[in-house]
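Data block below; observations after.
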Amino acid sequence: RLGNIEGWYWSDCREQGNSIQTHLINVLEVLTQGQVNAISLQKAQDEDILELFFQHLSKHRILLVFDNIDHYVDLENQQAIGMMNQLIERATSVPNSAQIILTSRPILRYESNRFFGMEVGGLAVQETEELFKLRGAEWDGHNKSEQVQLVLNITKGSALQLNLIATQVANRRLSLSILLQRIQEGTAPEAEDRVLEEVWTTLKPQHQEVLRVLAELPHPEPEQRVGDCLADSMNYNRFGKAIRALKSLNLIVIKPAANSGEVIELHPLVRTFIRKRYPKEDQEPIVKQIINFFERMIVRYKGRSEMGSIAVLADWISKIEVCLDNGRPTKALSSLNDISSVLLSRGYVEEFVRLGSLVLTQYKVQEDPTELKNFDFVSEKLVHVLGDMGRYDEADKWIKVLAGTVAGKSARYIWLCNLRAYAYWIQGKFDEAKMSASEGFQLKVASKIDTNYDCAHTLALARPD
C-alpha cells in the first residue's frame, strides 16, 4: 500500500533501449529542484548517477513507473539488463521510501522479498459484463451467457478487443451476434486483427487517415499538432470531427501532458495492426507529411538559442526517429549531426547515445564528402561519449565497426588512429594510446596530406600520462 506520496513520475520506455539514464536524471532534477540536472551529470557514469539517485530517493516517498521496458529484459534469464538491472537490484537492497512499478510483456524474476511480480491476465465474465454495461452495449436475446463465453473465447479476455466490440455494438446499434459472426469469418490469422479489421471497415476515409498518421508518429502529440501534420490534406474542421468520432470508438488513447492539456496516441496493438495492413510504400505520403511537419517546426529555431530547449529538440528527435523507421538513414544522420553538440552541451548524453547507435546501425557509408563528414563527426562523438561514460566495451565495439568503413591507409585512417588513441587514453591504456596517435601523426606528417583529420591533440594528451 502506497499511503501518502509526494509525487509521481511516469515514463514510457517503449522501443527505447537507451533511455533509463535520462529518466533518472529527470527525476533527480525534480527532487533537487534543479540543483542536479543533465548538464551537471554530462560525463557521469551509470554507477555515479545511481548512487546519487538513491541518496535523494531515500529522502522522498514517490511513485516511479517505468512502462513497457521490454527492450531492457533478457528473455532467457528473465531479468533486466544494463542500467535497468542495476536500478532494480539497488531498489531491492538499498533502503528507500519509493515505490517502483515496472511493466513488460516478458516475465521478470528477482529473488528478493522486496520484488513482487504479477502476471496480468484478460478480463473475466463479470468484468466483461460490467464493461459492456458501461459502454451501453446490449447482449442478444436470452443467450447472454453463451455470448459472453463466445466473446471471451474470441478475444481471450483482451481489454482492448472487448472494449472495441462493446463500443461497436453500442454506437452502431449492430447486434452482437452479427458482429461476432463477421469477426469469426474474417481472414486475418490473429483474432485481434480480425476484430480490428471489422472495426476498420466501418471507418470513413478521413478517420482512417488520422489513424494512419498517429501510427507513424513516434510519440504522443497534442491534437493540434496531429492536425497540423494533416494540414495538406484535411482542414482543421474535418480533422476535429474525425478525432471526436475516433474518441467515441475508443480507438485513440488520451493521456495527460507533462505540463498541461492532453496528448493522443494509438494503443500499441492498433498501431501494429495499421503498420501490418499498409506496406511502407503505401504509407509513404503519410510519412512525408509528418517529416514536413517536423521540418516546419525545426526551421523556426535552427541556429537560435531556443533550439536547446527540450521541446524544440523533441521535434528534431522525432524527425530522426521517423526517418529511421522509414528507410531514410541519410536524412536522420544529417539531422543528428545538426543537434549533436546541442544535445551533449545540454546534458542529454544518453539520448545522443540512443540516437547515434540507431543511426549508425542503419547508415551505409557513402562517398559524398558532406555525408562522410557528418558520419565521421557523429561516430567520433559516440565513441568519445561512451568512453566518458565508462562504457568501454561499447566504445570498442563501435571502433571495430567503424574500422570496417575505412579503406586502406587513407586520410580517414588518420581519423581512425585518433579514435583508437582517445579510447585507449580514456581507459588509462597510455602506451596503446601513444602508439595509435603516433601512427596517425607520423602518417600525416610523412605524406603531407591536406586533411583536417589529426592526431596531434590526442598524442599530446597521452604523452604526459
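Bear in mind the structure is a predicted one, so any value in this text is a computation, not a measurement. Just so it is clear, the values below take in all heavy atoms, side chains as well, and ignore hydrogens, waters and symmetry mates.
- Using modelled atom types, no side-chain atom of Lys331 and backbone atom of Ile291 make a donor-acceptor pair closer than 3.5 Å.
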Ignoring hydrogens and angles, write down the donor-acceptor pairs under 3.5 Å from the side chains of residues 375-382, residues two or more places apart or on other chains.
| unit_1 | atom_1 | unit_2 | atom_2 | d |
| --- | --- | --- | --- | --- |
| Asp376 | OD1 | Arg412 | NE | 3.3 |
| Asp376 | OD1 | Arg412 | NH2 | 2.8 |
| Asp376 | OD2 | Arg412 | NE | 3.1 |
| Asp376 | OD2 | Tyr453 | OH | 2.3 |
| Ser379 | OG | Phe375 | O | 2.7 |
| Ser379 | OG | Asp376 | O | 3.2 |
| Glu380 | OE1 | Trp415 | NE1 | 2.9 |

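- Expressed to the nearest 0.5 Å, how far CD1 of Ile25 lies from OG1 of Thr32 amounts to 11.0 Å.
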_Intermediate values then yes/no, side-chain hydrogen bond (donor to acceptor under 3.5 Å, both in side chains), Tyr363 and Glu371_ = CA-CA 10 Å; Tyr363 183 79; Glu371 288 188 27; 2.7 Å; yes

Give the table of side-chain donor-acceptor pairs shorter than 3.5 Å for residues 241-249, with sequence neighbours excluded, one pair per line with atom names and distance.
| unit_1 | atom_1 | unit_2 | atom_2 | d |
| --- | --- | --- | --- | --- |
| Lys247 | NZ | Glu223 | OE2 | 2.3 |
| Ser248 | OG | Ala245 | O | 2.6 |

*Can you check side-chain hydrogen bond (donor to acceptor under 3.5 Å, both in side chains) on Ser104 and Asp70, steps first, answer last?*
CA-CA 5 Å; Ser104 72; Asp70 297 29; 4.7 Å; no

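- Residues passing the salt bridge (charged side-chain N to carboxylate O under 4.0 Å, His left out) test with Arg212: none are found, sequence neighbours excluded.
- A perpendicular orientation is assigned to the rings of Phe273 and Trp200, their planes being inclined by more than 60° (bins at 30° and 60°).
- Judged purely by distance below 3.5 Å, without hydrogens or angles, the side chains of Ser177 and Asp140 pair a donor atom with an acceptor atom.
- With hydrogens and angles ignored, the 3.5 Å screen pairs no side-chain donor or acceptor of Arg346 with any backbone N or O of Leu344.
- Residues that satisfy the side chain to side chain contact (heavy atoms under 4.5 Å, CB included) test with Thr370, not counting sequence neighbours, are Asp368, Asn374.
- Under the 4.0 Å criterion applied to side-chain N and carboxylate O atoms, Arg271 and Glu216 are not assigned as salt-bridge partners.
- Residues that satisfy the salt bridge (charged side-chain N to carboxylate O under 4.0 Å, His left out) test with Asp315, not counting sequence neighbours, are Arg225.
- Applying the salt bridge (charged side-chain N to carboxylate O under 4.0 Å, His left out) test to Glu29 and every residue at least two apart in sequence or in another chain returns nothing.
- Going from atom CD of Gln362 over to atom OG1 of Thr330 covers 10.0 Å, rounded to the nearest 0.5 Å.
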